[in-house]
Amino acid sequence: MALTLEQLNAASLPDAVALLDGVYEHSPWIAEAALAQRPFRSLAHLKHAMVRVLAQAGVDKQLALIRAHPELAGRAAVSQQLTAESTNEQSRAGLTDCSPEEFARIQQLNAEYNARFGFPFILAVRGPRGLGLPRSEIIDTFARRLGNPPQFEREEALRNIHRIAEIRLNDKFGYQPTLGNDVWDWHERLARHSDPGYAEQGQLTVTYLTDAHRACAQHISHWMRESGFDEVEIDAVGNVVGRYRPAAGDGKYLMTGSHYDTVRNGGKYDGRLGIFVPMAAVRELHRQGRRLPFGIEVVAFSEEEGQRYKATFLGSGALTGHFDTAWLEQRDADGITMRQAMQHAGLCVQDIPKLKRDPARYLGFVEVHIEQGPVLAELDLPLGVVTSINGCARYVCEMTGMASHAGTTPMDRRRDAALGVAELALYMEQRALQDSGCVATMGMLAVPSGSINVVPGRCAFSMDMRAPTDAQRDALVADVLARLRAIAQRRGLQYTAELAMQASAAPSDPVWQRRWESAVQAVGAPLYRLPSGAGHDAMKLHELMPQAMLFVRGLHSGISHNPLESTTSDDMQLAVDAFSHLLGQLAAEMA
Ligand SMILES: [Zn+2]
């Protein structure tokens, strides 16, 4: 018989501790402390209560917990001394039938890992979908994590322990993140399509209007129809648009969605999560035969990443009336113009202006996106509410000094262009740190035709500065430019600084942000707010209607634009639950 939250909430403390036995390896004290938080309103609430206990327990207790775990496919596994839970997990991942070579490799990694960190390697081997990771992936992860700094790796071990606990709890409660699993599976199936040159290497690359891109559009439109959307179309720029009609014919629409193109060798979830989460929520409405006072328009945007052509946000830009027809003459690396690619795909270029949406027909725009950063993962939070999409300013610059002999020019007579830039780079770091949410990056820094024995006479560099509001961005830029001027003056250098790009911040609409906040709390996850450092389709729609975003935690410190990008089907389920809650709440407000 599966355990229920009601049972757990009602049980005496010793009974409740016994009910949670084995969730954290040989460590019942975690459950015991967390149970003080009863009653739990959801499984997510219980999971997070235990996460908090461990976070506050201090390093010694954390290390003791890590050391309570068995080695992966280690001696204990061979001599059958594992706990029942560990045996189940290791055998599901196929670790009990390693080849002799794999076994030897894992033993070698175990030894190296233990020597480096002083605790056993811990990996949630049932993986983000709960089905068990392939052995090759386990070995690759093991080898990769050996290179982590010790403190980071200790935290990564704890994150894996929490994931192991999450799956053990799901088992105890007979809980399956069914919708999250479907969302996960849609991502897997869509990721089978990749552009030539990448597909062969098992890499995911889907750029605008390639065969793989058009195959993705076909799949998405097919799944939308299957999910019960009333109308599904591929529009003039390749967006897949699904509409679920309102209860009454004249109801307004809530727009949501994200992009299905990817960067080169990208992750499976960037963009696509924001298509599949609402798709799962609409499918539930359809299954229940429910109509809301408003319609739902899910848009799978055809292009956001600017990979094949220089233009970005083609898909969402067309909806806001910002599709620039001059883009049609841009050529890709093979000389194919965007117009040719669109004609080849059967898109009607002349219909693009008709795609512009009338804001009067919409309630607003919401977007679910994988975080693409480490914040939620570090805090062990599944969801985060976005406060603003950061505004951005980019400069392309050059510093000029005097190239001179590295041996004969005394230190106090130099006009070293690179040192001036280095000083500025350190200032940018310090200045951005002073204002929370701000980031500043010198991504390019080069001494053109420099030599080992020459004091740098020139230094080319870039600056990328972002902030949650335009005022913060402008203050950051002003301070950095003032410092640049001062450094150049003091060091006898000249410089140029050319503004290459400037984008306004897109603060979340307060009312929509609050709807996300109550949705997150309703599913039992703690409320956490954060700005978005990356640009998203929502910042285009921002020009037309109120918008707010929800972030979902990424695994591996939230790495993105990388094949390691990942999230769990449990977190996906929470995102679907939060999205459904947002729909229900909006319906209630309108009733
Ligand atoms: Zn994205």
Side-chain angles (χ1 to χ4, degrees), residues 183-184 186-187 190-191 193-195 203-208 212-213 216-217 220 237-240 255-279 298-320 365-377 383-386 388-392 439 464 466 503 505-506 508 516 530-542 547-567 571-572 575 579:
V183 169
W184 170 278
W186 281 324
H187 284 94
L190 205 64
H193 299 283
S194 183
D195 289 351
Q203 297 178 351
L204 178 65
T205 301
V206 177
T207 59
Y208 192 46
H213 186 271
C216 288
I220 295 168
V237 293
N239 295 327
V240 188
M255 194 194 288
T256 184
S258 195
H259 60 100
Y260 65 93
D261 68 323
T262 75
V263 296
R264 297 192 170 84
N265 195 18
K268 296 173 186 169
Y269 310 97
D270 175 2
R272 296 161 176 205
L273 191 65
I275 302 165
F276 295 142
V277 164
M279 200 163 100
V298 181
V299 187
F301 295 109
S302 54
E303 205 284 339
E304 189 258 12
E305 303 280 9
Q307 300 282 305
R308 183 171 175 186
Y309 297 98
K310 282 220 176 66
T312 57
F313 296 100
L314 290 184
S316 45
L319 268 52
T320 58
F365 179 81
V366 291
E367 180 173 355
V368 178
H369 205 285
I370 189 161
E371 184 204 332
Q372 303 186 279
V375 176
L376 295 175
L383 303 172
V385 177
V386 176
S388 178
I389 304 170
N390 283 355
C392 178
V439 287
D464 175 307
R466 308 187 194 207
S508 299
W516 274 131
L530 72 171
S532 170
H536 294 294
D537 291 299
M539 80 193 222
K540 292 308 289 180
L541 274 305
H542 182 82
Q547 61 79 26
M549 292 185 71
L550 178 74
F551 274 170
V552 180
R553 148 174 70 185
L555 297 177
H556 316 304
S557 303
I559 192 164
S560 185
H561 286 186
N562 184 303
L564 283 174
E565 178 188 85
S566 190
T567 182
D571 286 358
M572 290 174 173
F579 192 90

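Read the numbers this way: they start at 1 and go in the same order the structure lists the ligands and their atoms. Because only heavy atoms are used, hydrogens play no part in the values below, and waters and symmetry mates are left out as well, while side chains stay in.
By the 30° and 60° cut-offs, the orientation of the rings of His536 relative to Phe551 is perpendicular. Between Trp186 and Phe276, the ring planes lie tilted relative to each other; the angle falls in the 30° to 60° range.
The closest approach of His259 to the Zn ion (ligand 1), by N/O/S atoms, is made by NE2. For Asp270, the N, O or S atom with the smallest separation from the Zn ion (ligand 1) is OD1.
Contact check for Gln307 versus Arg264: side-chain heavy atoms found under the 4.5 Å cut-off.
Inclusion of His536 in the first shell of the Zn ion (ligand 1) is not supported: no N, O or S atom falls under 2.8 Å.
Not one N or O on the side chain of Ser258 forms a donor-acceptor pair closer than 3.5 Å with the backbone of Arg272.
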